[in-house]
S.K.: 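For reference, the structure I am asking about is given below.
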Amino acid sequence: MAMADANADDTLLEAQDGFVVTLSINRPPANHINRELIVRIAERLEALDGDAGCRAIVLTGAGKHFCAGADFSKGDSGGLASPEGKPGRILYVEAARLFRTGKPIIAAVHGAAVGAGLGLAVVADFRITCAEARYSANFARLGFHAGFGLSYTLPRLIGEQKAALLFYTGRRIDGTEAERIGLADMLVPQAEVLPAAQALAKEIAVSSPMAVQSMRASMRRDMAVAFEQATEREFHQQSWQRQMEDFAEGRAAMNERREPNFKGR
């Protein structure tokens with residue numbers, strides 16, 4: 001299975017094997033997310049919707065991580081600022097496109113899926129993972145509200161109580177715990193994460209593509225609208241919290257690899 005570039009700058013790699021297309025995020029060293037990457041993923045998913053030669057999609061990350069979220073070492077926007085200087089809003093508008101695409105997606109999560117990276121992982125229909133993977137909705141540890149629609153998607157996936165625990169503590173869990181609570185669907189050795197995801201995609205691709213896409217549309221029919229509603233509130237909450245001392249402290253603590261000392265202001 002040959003890997004080809006889906007974009008001139010190599011941030012999203014693409015390979016096809018039969019009816020299965022694999023998209024690999026390629027932003028070393030940690031595959032941090034930004035608006036341009038989300039646009040590229042959305043554009044490829046939308047293009048693949050019109051490609052009869054593709055019936056299922058695997059989304060993964062090249063290198064050590066799946067996607068380590070926003071990069072707050074680059075400033076308080078995490079590299080997500082829009083041309084108007086508003087971090088988050090444009091990203092969320094583009095991310096909503098991911099929920100409108102029609103073909104099934106399997107996420108192969110072999111490393112970190114943190115913050116917005118976790119949000120990207122739960123866009124998928126299924127997640128294949130390993131014990132070494134790390135999942136975290138670490139927003140409270142940064143001093144601001146959860147984002148990337150996770151206030152809707154995570155409770156929908158694992159239930160409100162488990163989601164609240166991850167949100168309030170910002171704790172990091174491994175792939176074994178993720179599979180136990182329903183955040184991941186299959187636990188395999190790390191070297192087998194991508195092959196297992198591709199094998200599941202091939203199993204799905206044997207089914208009638210018309211039937212699969214129709215059933216998927218029925219099961220996910222309200223997700224795009226709910227995601228947009230969730231991100232409206234998330235963006236509002238994040239906007240004022242980014243101006244507070246706690247956010248500055250959370251970002252500094254993360255960059256300095258220490259425990260934050262929040263003041264509640």
Side-chain angles (χ1 to χ4, degrees), residues 12 23 25 32-49 57 59 66-70 77-82 84 86-107 109 113-127 135-140 142 144-164 166-167 178 181-185 212-242:
L12 188 64
L23 300 177
I25 300 167
H32 286 295
I33 207 165
N34 64 3
R35 174 182 175 272
E36 290 73 22
L37 176 61
I38 292 299
V39 169
R40 289 188 178 101
I41 294 173
E43 288 176 345
R44 286 309 299 148
L45 295 180
E46 290 164 356
L48 290 169
D49 272 351
I57 299 158
L59 179 63
F66 175 77
C67 176
S77 75
L80 305 179
S82 70
E84 296 78 24
K86 296 180 179 180
R89 186 69 185 94
I90 298 298
L91 174 74
Y92 295 157
V93 170
E94 299 294 353
R97 296 167 62 183
L98 304 177
F99 290 95
R100 298 192 187 100
T101 58
K103 295 188 176 176
I105 303 167
I106 298 93
V109 183
V114 176
L118 174 61
L120 184 59
V122 301
V123 168
D125 301 79
F126 307 101
R127 280 148 298 281
Y135 298 79
S136 178
N138 64 334
F139 303 90
L142 287 166
F144 73 144
H145 194 286
F148 209 92
L150 278 163
S151 59
Y152 162 69
T153 56
L154 192 60
R156 181 182 186 272
L157 186 63
I158 65 174
E160 290 189 3
Q161 286 299 106
K162 292 183 178 69
L166 295 184
F167 284 140
I181 66 174
L183 182 53
D185 301 284
V212 169
Q213 291 175 50
S214 177
M215 288 185 286
R216 185 178 190 267
S218 294
M219 297 181 70
R220 294 167 64 100
R221 63 188 178 277
D222 299 323
M223 288 189 71
V225 172
F227 180 92
E228 290 171 349
Q229 292 173 342
T231 53
E232 281 295 330
R233 174 171 172 77
E234 291 172 357
F235 175 69
H236 174 73
Q237 296 298 312
Q238 289 181 340
S239 293
W240 68 264
Q241 289 165 9
R242 285 175 185 272

S.K.: With a 4.5 Å heavy-atom cut-off, do Y92 and E232 have their side chains touching?
M.R.: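 In short, these two side chains do not touch, never coming nearer than 4.5 Å.
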
S.K.: Who are the side-chain contact (heavy atoms from CB on, under 4.5 Å) partners of Q213, not counting sequence neighbours?
M.R.: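 Expected list: K103, P209.
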
S.K.: With a 4.5 Å heavy-atom cut-off, do D125 and D185 have their side chains touching?
M.R.: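 No. Closest side-chain heavy atoms not under 4.5 Å.
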
S.K.: If every non-hydrogen atom of A224 is compared with every non-hydrogen atom of A96, which pair is closest and at what distance?
M.R.: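 Closest heavy-atom pair between A224 and A96: CB-O, 4.4 Å.
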
S.K.: When rounded to the nearest 0.5 angstrom, what is the spacing between CD in Q241 and CD in Q237?
M.R.: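 So the CD of Q241 and the CD of Q237 are separated by 5.5 Å.
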
S.K.: What residues, two or more places apart in sequence or in another chain, satisfy side-chain contact (heavy atoms from CB on, under 4.5 Å) together with L157?
M.R.: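 Expected list: V122, R127, L183.
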
S.K.: Verify, without hydrogens or angle tests, whether R221 (side chain) and S218 (backbone) share a donor-acceptor contact under 3.5 angstrom.
M.R.: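 Side chain of R221 to backbone of S218: a pair is present.
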
S.K.: Answer whether the closest heavy-atom distance between the side chains of I158 and L166 falls below 4.5 Å.
M.R.: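 Side-chain contact under 4.5 Å: yes.
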
S.K.: Find the distance between NE2 (H236) and NE2 (H145) and round it off to the nearest 0.5 Å.
M.R.: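 Reported value, rounded in 0.5 Å steps: 10.0 Å.
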
S.K.: The test is side-chain contact (heavy atoms from CB on, under 4.5 Å); show your working for I38 and L120 and say whether it passes.
M.R.: CA-CA 9 Å; I38 292 299; L120 184 59; 4.3 Å; yes

S.K.: By the salt bridge (charged side-chain N to carboxylate O under 4.0 Å, His left out) test, which pairs, at least two apart or in different chains, include something from residues 147-162?
M.R.: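 Residue pairs with at least one partner in residues 147-162: there are none.
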
S.K.: Are the side chains of F148 and L91 in touch, meaning some heavy atoms are under 4.5 Å apart?
M.R.: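 SC-SC contact between F148 and L91 confirmed.
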
S.K.: Evaluate the side-chain proximity of I105 to L98: yes if any heavy-atom separation is below 4.5 Å, no if none is.
M.R.: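 No. Closest side-chain heavy atoms not under 4.5 Å.
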
S.K.: So, using side-chain contact (heavy atoms from CB on, under 4.5 Å) as the criterion, who are the partners of N138 when residues are at least two apart?
M.R.: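 Scan of N138 (side-chain contact (heavy atoms from CB on, under 4.5 Å), adjacent residues dropped) gives V114, S136, L142.
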
S.K.: Could you measure the distance from the CZ atom of R216 to the OG atom of S214? Nearest 0.5 Å is fine.
M.R.: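 Result: 12.0 Å between the selected atoms.
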
S.K.: Looking only at heavy atoms, what is the nearest atom pair of F167 and L154, with distance?
M.R.: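 What the structure gives for the nearest pair is CZ-CD2, 3.9 Å.
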
S.K.: Taking the side chain as C-beta and beyond, is there a heavy-atom pair between Y135 and I181 under 4.5 Å?
M.R.: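 Y135 vs I181: side chains apart.
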
S.K.: Restricting to non-hydrogen atoms, name the atom on A113 and the atom on A121 that form the minimum distance, rounded to 0.1 Å.
M.R.: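 So the two residues come closest at CB-CB, 4.5 Å.
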
S.K.: Taking ring-ring contact (aromatic ring centres under 6.0 Å, His included) as the test, write out the residues that go with F99, two or more places apart.
M.R.: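 Applying ring-ring contact (aromatic ring centres under 6.0 Å, His included) to F99 gives F227.
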
S.K.: Which heavy atom in L37 sits nearest to a heavy atom in N34, and how many Å separate them?
M.R.: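 Taking L37 first and N34 second, the nearest heavy atoms are N-OD1, 2.8 Å.
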
S.K.: Locate the shortest heavy-atom distance separating G149 from E234; write the atom from each residue and the value.
M.R.: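 Scanning both residues completely, I find the closest heavy atoms to be N-OE1, 2.8 Å.
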
S.K.: May I ask you to test the L45-L59 pair for a side-chain heavy-atom distance under 4.5 Å?
M.R.: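 L45 vs L59: side chains apart.
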
S.K.: Please step through side-chain contact (heavy atoms from CB on, under 4.5 Å) for the pair F144 and R242, ending with a clear verdict.
M.R.: CA-CA 7 Å; F144 73 144; R242 285 175 185 272; 3.5 Å; yes

S.K.: With sequence neighbours excluded, tell me which residues meet side-chain contact (heavy atoms from CB on, under 4.5 Å) with V39.
M.R.: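 If we apply the side-chain contact (heavy atoms from CB on, under 4.5 Å) test to V39, skipping adjacent residues, the hits are R35, E43, E94, R97.
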
S.K.: Give, for atom CZ of F66 and atom CG of L118, the distance between the pair rounded to the nearest 0.5 Å.
M.R.: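 F66 atom CZ to L118 atom CG measures 9.0 Å (nearest 0.5 Å).
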
